[in-house]
Amino acid sequence: MMNEVTVVGAGLAGCEAAWQLAKQGIPVRLIEMKPERYSPAHKKADFAELVCSNSLKAEHLTNASGLLKAEMNRFGSLILDAARAARVPAGTALAVDRDRFSRIITETVESQPLIRVERRTVERLPDEPAVIATGPLTDPGLLDALKALPGLTALHFFDAAAPIVTAESLDMERLFRQSRNGAGDDYLNSPMDRAQYDAFYEALTNAELAPLHDFEKGLVFEGCLAVEILASRGHDTLAYGPMRPVGLTDPRTGRTPYAVVQLRQENEAGTLYNLVGFQTRLKWGEQKRVFSMLPGLENAEFARYGVMHRNTYLNSPDILGRNFALKDRQLTRFAGQMTGVEGYVESAASGFVAGLNLGRAMRGLGEIDFGGETMLGALERHVRTETRNFQPMNANFGILMPLNERVRGKKNRYEAYAQRSLTIIDRLMEDI
């Protein structure tokens, strides 16, 4: 009988890794500390809990996240299958009802005969083959054990979550439905003229922040900056960033507003909306005061205020080799944001690569090298590539190997990247 693999952590990466192992006939022991213990950001016992946005980003192939999804879809992904089953309207993005999404994954994993679930904490690295996918908020006990690994350095950055408001508390007379550039009407828009924007900016930049603990003071990841930090960089930073009005026309005026705050549907029932790009660590009372200045949100009821918490990731190039394996323990893999991939789909992708290839190694088969011309391979290479200042990375076309020929136009270039990648993925599938 095939040896059992221990997967520690039932987040996106851990569940995907466990699923890919079980698909190969390998028994899995999946250990999750909830509900025995919760991280500062997690609240529910189900697996794959989404603690920030409910969006898994775009699906079209000219978007790096869309290409990554397409690559994973070719092989079959638990996380992406669940996301489609729990989908809510979000224009060209794949957004989910987060409770249904987590419930689907939990029920699917628990019903898989080859996966047995244990609800408890882990405070040491397993001796048997394992995937460590405990996330950016790894429990201190296990983190202390990991710090003993040769060459390991733990780094920190902050992650911020945006507020969620109830739909029934919004003034729909002051909002309008529209997605950018005519891509449907899935988003609610709060339009602002120059005077409204100026007043909002003044209130935001002078609002009181929630205090940070000493252990939380450190690096900030550029891909998930709090809105007040963006605002502090200049008066028009928001108007050219998360509040940019490009591609939107207020039907009541026939004009493009000076600035716009978009609200994205948060759950399947459409009763909750997320303030897009408004990750924050303002005090809760300040969030109520400042965000209620937005047109249509004057009486907004906040179902969840924005929060900020510390995330931890590893100095992976020092300790990880191919396919997220420990350099000196090839049957121990890491996955998820703790490795230095950033984002929901990216985390699931690392679990996919780690689980798939650990399973192949245990079956005596050659591991799959996705290469630097696919998004799966480029992310894996980023994690193990030596660099002076290793930082988390989202999927983006900049990490792919350059095209052999020059292609004019960004859209055409991205399409060429996608075509090349999927051709390689299809060829790899033939060899499995």
Side-chain angles (χ1 to χ4, degrees), residues 38 40-46 49-55 86-91 93 95-103 159-179 185-193 196-197 199-211 224 226-228 230-231 238 242-243 248 250 252 257 259-309:
Y38 287 89
H42 293 87
K43 306 297 181 186
K44 299 185 178 181
D46 279 346
E49 181 182 356
L50 304 183
V51 299
C52 291
S53 170
N54 69 323
S55 173
R87 186 176 200 140
V88 297
V96 301
D97 179 317
R98 67 180 73 210
D99 290 338
R100 188 177 177 209
F101 172 75
S102 295
R103 187 168 61 253
D159 199 6
I164 295 174
V165 296
T166 63
E168 64 181 5
S169 69
L170 301 175
D171 183 354
M172 296 300 179
E173 295 297 319
R174 305 201 67 188
L175 305 171
F176 66 92
R177 280 195 174 274
Q178 195 176 113
S179 298
D185 61 355
D186 292 335
Y187 289 84
L188 292 177
N189 297 275
S190 171
M192 308 177 78
D193 58 26
Q196 290 170 321
Y197 177 82
F200 174 76
Y201 175 82
E202 183 71 17
L204 177 63
T205 53
N206 288 285
E208 190 174 0
L209 301 178
C224 200
V227 65
E228 61 272 8
L230 284 174
L238 296 179
M243 295 178 68
L248 297 169
D250 188 338
R252 291 161 299 191
V260 167
V261 174
Q262 289 200 303
L263 289 83
R264 181 178 58 233
Q265 185 174 324
E266 174 70 20
N267 61 348
E268 188 174 28
T271 58
L272 298 174
Y273 277 82
N274 187 296
L275 276 65
V276 178
F278 270 59
Q279 301 92 346
T280 182
R281 71 174 183 92
L282 295 183
K283 285 189 171 182
W284 288 4
E286 293 287 77
Q287 291 184 43
K288 174 66 175 175
R289 179 180 68 85
V290 175
F291 298 149
S292 293
M293 296 175 66
L294 299 172
L297 277 72
E298 292 86 354
N299 299 304
E301 176 187 341
F302 287 77
R304 185 194 72 188
Y305 286 104
V307 296
M308 183 171 251
H309 50 82

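Computed from heavy atoms alone, side chains included, the values below leave out hydrogens, waters and symmetry copies.
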Self-check item: Test item: Arg304 and Val165 side chains (from C-beta on) under 4.5 Å apart, heavy atoms
Solution: no
Self-check item: Nearest-0.5 Å distance, OH of residue Tyr273 to CD of residue Glu168
Solution: 12.5 Å
Quiz item: Between Asn54 and Leu272, is any pair of side-chain heavy atoms under 4.5 Å apart?
Solution: no
Self-check item: Side-chain heavy-atom pair Arg264, Tyr187 within 4.5 angstrom cut-off
Solution: yes
Quiz item: Is it true that a side-chain atom of Thr205 and a backbone atom of Glu202 form a donor plus acceptor pair closer than 3.5 Å?
Solution: yes
Quiz item: Taking C-beta and beyond as the side chain, do Phe101 and Arg87 meet within less than 4.5 Å on heavy atoms?
Solution: no
Exercise. Identify the two heavy atoms, one from Glu228 and one from Leu204, that lie closest to each other, and give their separation to 0.1 Å.
Key: CB-CD1, 4.2 Å
Self-check item: Ser190 (side chain) donor-acceptor with Val260 (main chain) under 3.5 angstrom
Solution: no
Quiz item: Hey, mind stepping through Leu282 and Leu209 against side chain to side chain contact (heavy atoms under 4.5 Å, CB included) and telling me if it holds?
Solution: CA-CA 4 Å; Leu282 295 183; Leu209 301 178; 3.3 Å; yes
Self-check item: Reported CG-to-CG distance for the pair Leu297 and Asp171, which is rounded to 0.5 angstrom
Solution: 9.5 Å
Quiz item: Rounded to the nearest 0.5 Å, what separation is found between the CG atom of Leu50 and the NE2 atom of His42?
Solution: 8.5 Å
Self-check item: Minimum heavy-atom distance Ala162-Asn274, with the two atoms named
Solution: CB-OD1, 3.6 Å
Quiz item: Any side-chain heavy-atom pair from Met172 and Leu188 closer than 4.5 angstrom?
Solution: yes
Practice problem: For the pair Lys43 and Glu49, find out whether any cationic side-chain nitrogen is under 4.0 Å from an anionic carboxylate oxygen. | Solution: no
Quiz prompt | CG-CD distance between Asp97 and Gln265, expressed to the nearest 0.5 angstrom | solution = 9.0 Å
Exercise. Ignoring hydrogens and angles, tell me if any N or O in the side chain of Gln196 forms a donor-acceptor pair with the backbone of Asp193 under 3.5 Å.
Key: yes
Exercise. Take atom CG of Asn299 as the centre, draw a 6.0 Å sphere, and report whether it contains more than 12 heavy atoms from other residues, nucleotides or ligands.
Key: no
Quiz item: Do Ile164 and Phe302 come within less than 4.5 Å of each other through their side chains, counting heavy atoms only?
Solution: no
Self-check item: Heavy-atom closest contact (Cys52 atom, Ala161 atom, distance)
Solution: CA-CB, 4.0 Å
Self-check item: Exam field: side chain Lys288 to backbone Ala300, donor-acceptor pair closer than 3.5 Å
Solution: yes
Self-check item: Atom of Pro89, atom of Asp186 and distance for their closest heavy-atom approach
Solution: CB-OD1, 3.6 Å
Self-check item: Worked check of ring-ring contact (aromatic ring centres under 6.0 Å, His included) between Tyr197 and Phe200
Solution: CA-CA 5 Å; Tyr197 177 82; Phe200 174 76; 7.2 Å; no
Exercise. Using a strict cut-off of less than 4.0 Å between a Lys/Arg side-chain nitrogen and an Asp/Glu carboxylate oxygen, indicate whether Glu298 and Arg174 qualify as a salt bridge.
Key: yes
Quiz item: Is there a donor-acceptor pair under 3.5 Å between the side chain of Glu268 and the backbone N or O of Val96?
Solution: no
Quiz item: If we only count heavy atoms from C-beta on, is the Asn267 to Arg98 side-chain gap below 4.5 Å?
Solution: no
Quiz prompt | Closest heavy-atom pair and its distance - Ala93, Ser55 | solution = CB-OG, 3.9 Å
Quiz item: What pair of heavy atoms forms the shortest contact from Gly270 to Ala167, and how long is it?
Solution: O-CB, 3.4 Å
Quiz item: With no hydrogens and no angle check, is any side-chain donor or acceptor of Glu208 less than 3.5 Å from a backbone partner on Lys283?
Solution: no
Quiz item: Do the charged groups of Lys44 and Asp46 touch, with an N to O distance under 4.0 Å?
Solution: no
Practice problem: Check for a donor-acceptor pair, side chain of Asn189 on one end and backbone N or O of Phe176 on the other, with a separation under 3.5 Å. | Solution: yes
Self-check item: Side chain to side chain, Leu275 and Val227, heavy atoms closer than 4.5 Å
Solution: no
Quiz prompt | Exam field: side chain Ser169 to backbone Thr166, donor-acceptor pair closer than 3.5 Å | solution = yes
